[in-house]
Amino acid sequence: MSGPRVRFAPSPTGFFHVGSARTALFNWLVARQDPEGVFILRIEDTDAERNREEWVEGIFSAMAWLGLDLDEGPFRQSDNAAAYDNAAQLLRRSGYLYYCDCSSAALEARKAPGAPPGYDGFCRDRGVERGPTTALRFRTPREGVTIVHDLVRGDVEFANALIEDFVVVKSSGDVLYALANVTDDRHDRITHVIRGEEHLANAPKQMMLWEALNRATSDEVALALYAHLPLLVNEQRKKLSKRRDPVATESYRDQGYLASAFVNYLALLGWSPRGDQEIVPLGAIIEQFRLEDVSHSPAFFDVKKLTHMNGEYVRALSPGDFVRSSAPWVCPWRSDWRPSDLVPSWREDQFDASLFARVAPLVQERVATLGEIPSMVAFFFLDDAPLDEASFAKVILSDPTGPTILGEAIRRFELLTTWDAPSLHTSTVEIGEGLGLALRKAQAPIRCAVTGTLVGPPLFESLELLGRKRTVQRLRAAAARCA
RNA sequence: GGUCCCAUCGUCUAGUGGCCUAGGACAUCACCCUCUCAAGGUGGAGACACGGGUUCAAAUCCCGUUGGGACUGCCA
């Protein structure tokens with residue numbers, strides 16, 4: 001017995017959605033937990049009108065970022081049109097499909113009030129010949145039920161009488177999603193169809209098609225097992241929409257989320273690891289994941305929780321890995337990939353890699369995403385730190401002790417025999433003592449003058465790394481502004 | 001409207017009839033630590049939608065109600 005064969009089959013009609021990312025991940029997990037499992041990527045681009053090449057590229061790059069490697073493919077349905085045409089003609093000759101020349105206007109006109117929705121079967125037995133405006137419809141059974149054996153939800157029963165004779169081939173001759181999808185799934189010997197819940201209602205139609213193809217081709221391919229994953233919803237509990245929700249996977253990469261953290265978080269949407277620990281290594285997720293354990297109810301994509309987890313992953317990085325991971329944000333010029341909308345605030349010649357390496361540990365424990373790094377370290381690289389006027393006004397202009405502290409700091413810092421954090425610390429404590437101020441108050445004007453803001457990495461370590469010259473320069477400039 | 005799915009703290013979830021005075025995580029609040037900000041530590045508040053059954057026993061099983069959602073395309 002060989003392993004599971006699963007496929008992720010997105011259609012490139014927009015940027016790569018976080019819901020798609022989770023579907024891809026769950027498929028990939030099923031493949032990876034079996035040494036013989038196979039993960040396939042199939043681009044479902046049969047709708048030429050809505051597909052764009054850049055969206056295909058987006059799928060590839062997002063999956064590469066997440067580490068969802070392929071065993072087969074990527075395949076594209078647009079390369080496979082002949083196979084779908086063959087399948088359609090075979091089904092037609094075998095009587096499963098019939099031509100229909102009803103226009104949507106005719107359908108509308110015929111519709112009795114209160115009649116069940118969907119096609120009424122008008123052309124079922126009219127013996128319509130192929131023509132320029134004829135579509136091919138599937139002759140669905142009028143009786144009985146089709147049961148979808150869903151690995152997540154259990155058996156779901158659909159009355160065949162309620163399934164309309166759906167269109168399989170458009171009048172333009174283009175084969176529609178349902179048949180293309182099933183043709184490929186049979187061809188690829190897919191064993192598990194794992195996809196979003198919005199496809200649950202398609203499942204009985206696809207099973208009908210699958211079985212019709214089995215008989216028409218006398219190539220008996222065992223029906224795939226289905227698993228419909230709960231939807232990802234927004235705070236309004238609506239299905240995540242590409243239009244109104246922040247769901248582009250790439251934007252999370254741009255903001256500086258780590259792939260490992262993102263994958264871990266995604267795995268938690270509809271599934272949970274054993275025990276109380278939610279931050280778990282990928283290996284453990286692969287090992288423990290079971291479709292049968294997937295939740296039945298929709299999940300909200302909570303960026304706050306993702307961000308917290310990302311912070312944990314960032315802090316867990318070795319100092320070297322942190323520096324390397326930061327490169328696209330702090331030194332995009334020398335990076336092979338950079339966030340799409342990044343505008344560096346310093347020039348390449350102002351960036352000092354060895355200085356950043358020493359600064360990095362100071363910021364590593366205070367950022368949740370890599371994208372937060374630049375603003376936190378800008379004062380090291382810019383000639384003048386970007387000044388937050390409100391802070392400056394608060395601790396220097398409107399506080400009489402502000403200018404005094406600045407003056408004292410200039411005097412003492414210039415006389416310091418050793419320029420290091422402990423000495424700067426001691427010196428600042430003494431300034432405070434002289435004025436009857438706690439260190440927390442005494443350090444504020446200095447911090448603001450030198451770094452431009454009241455929040456940031458530890459001050460004395462920062463001053464040590466900045467150097468006496470630049471520190472005193474900035475203190476002087478700030479003092480001058482008070483006069 | 002029709003078909004189908006779903007229902008535990010604000011959020012993601014654990015829970016598969018007794019271990020539940022319902023556990024964890026995020027968020028939130030308080031306190032501690034502290035040169036700012038984080039991080040960290042401690043503690044608090046916070047949920048089984050409702051109504052009927054079944055059972056000695058129900059968050060867990062059944063039915064109904066209510067509420068939410070998906071689908072309902074010659075899109076995928």
Side-chain angles (χ1 to χ4, degrees), chain A residues 9-13 44-47 49-51 77 100 102-104 114-119 133-137 148 150 152-153 156-159 162-164 166-174 176-178 180-181 195-204 228 230-231 233 235-239 265 268-279 295-309 311-312 315 363-368 372 376 391 395 421 424-425 428-429 432 438-444 446-448 451 453-462:
Chain A
S11 86
T13 56
E44 304 226 323
D45 55 355
T46 53
D47 186 350
E49 306 251 317
R50 298 176 50 201
N51 298 149
Q77 291 193 322
C100 166
C102 298
S103 65
S104 55
Y119 183 65
T133 61
T134 54
L136 232 25
R137 287 183 182 273
V148 179
D150 192 290
V152 172
R153 281 149 221 285
V156 183
E157 201 172 292
F158 294 87
L162 265 14
I163 299 176
E164 64 171 324
F166 56 94
V167 173
V168 169
V169 183
K170 299 207 270 188
S171 49
S172 65
D174 294 329
L176 252 17
Y177 154 76
N181 183 272
R195 70 230 300 195
E197 198 204 90
E198 70 268 30
H199 286 288
L200 182 54
N202 292 326
H228 290 96
L231 257 19
V233 298
E235 43 276 87
Q236 282 82 240
R237 302 256 113 206
K238 303 271 195 218
K239 182 168 82 160
Y265 179 69
L268 259 29
L269 258 19
W271 179 79
S272 62
R274 280 197 290 269
D276 282 343
Q277 188 61 35
E278 291 189 322
I279 299 204
S295 152
H296 297 187
S297 43
F300 170 62
F301 186 87
D302 186 354
V303 181
K304 284 209 181 77
K305 183 158 179 171
L306 200 213
T307 302
H308 174 268
M309 287 186 68
E312 297 223 27
R315 274 173 261 127
V363 299
Q364 180 171 5
E365 54 186 313
R366 13 181 76 73
V367 296
E372 296 168 34
M376 203 169 278
S391 301
V395 299
L424 288 158
H425 184 271
T428 308
V429 168
L439 179 56
R440 51 173 288 115
K441 300 292 277 183
Q443 57 91 39
I446 299 171
R447 176 186 293 278
C448 186
T451 74
T453 75
L454 258 20
V455 300
L459 182 62
F460 307 115
E461 282 83 347
S462 296

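Throughout, a chain's letter reflects where its sequence line sits, starting with A, and its residues are numbered from 1.
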Where the side chain of A/E197 is defined as all heavy atoms beyond and including C-beta, which of B/G68, B/C35, B/C5 is the nearest nucleotide? B/C5

When you match A/H199 and A/L454 each to their closest nucleotide on RNA chain B, which lands nearer the 5' end? A/L454

Looking only at side-chain atoms of A/A299, point me to the closest of B/C35, B/C12, B/A76. B/C12

Hunt down the Watson-Crick or G-U wobble partner of B/U65, both distances under 3.5 Å, from any strand shown, or write none. B/A49

Taking 4.0 angstrom as the limit, do A/R153 and A/E197 come out as a salt bridge? yes

Please pick, from B/A70, B/C6, B/A76, the nucleotide with the shortest atom-to-atom distance to any side-chain atom of A/Y177. B/A76

Of B/C71, B/C35, B/C4, the nucleotide closest to the side chain of A/F158 is B/C4

Options B/U36, B/C4, B/G40, nucleotide nearest the side-chain atoms of A/V455: B/U36

Could you tell me whether A/K441 contacts a base, only the sugar-phosphate backbone, or nothing, with contacts defined as non-hydrogen atoms closer than 4.0 Å? nothing

Close N/O contacts between protein and nucleotides 24-28 of chain B (under 3.5 Å):
unit_1: B/G24; atom_1: O2'; unit_2: A/D276; atom_2: O; d: 2.8
unit_1: B/G24; atom_1: N2; unit_2: A/E278; atom_2: OE2; d: 2.7
unit_1: B/A25; atom_1: O4'; unit_2: A/E278; atom_2: OE1; d: 3.4
unit_1: B/A25; atom_1: O2'; unit_2: A/E278; atom_2: OE1; d: 2.7
unit_1: B/A25; atom_1: N3; unit_2: A/K305; atom_2: NZ; d: 3.1
unit_1: B/C26; atom_1: OP1; unit_2: A/H308; atom_2: NE2; d: 3.2
unit_1: B/C26; atom_1: O2'; unit_2: A/K305; atom_2: N; d: 3.4

By the 4.0 Å heavy-atom rule, please label A/A444 as base, sugar-phosphate, or nothing. nothing

Looking at the side chain of A/R137, which of B/U36, B/C4, B/C74 is the nearest nucleotide? B/C74

Under 3.5 Å for both donor-acceptor distances, Watson-Crick or wobble: does B/U42 have a partner, and if so which one? B/A30

Beyond-backbone contact of A/D174 with A/T46, side-chain heavy atoms, under 4.5 angstrom: no

With sequence neighbours excluded, residues passing side-chain contact (heavy atoms from CB on, under 4.5 Å) with A/K441: A/L437

Spacing of A/L269 atom CG relative to B/U11 atom P, expressed in whole Å: 14 Å

By the 4.0 Å heavy-atom rule, please label A/E461 as base, sugar-phosphate, or nothing. base

Taking the P atom in each of B/C71 and B/C31, what is the distance between them to the nearest angstrom? 48 Å

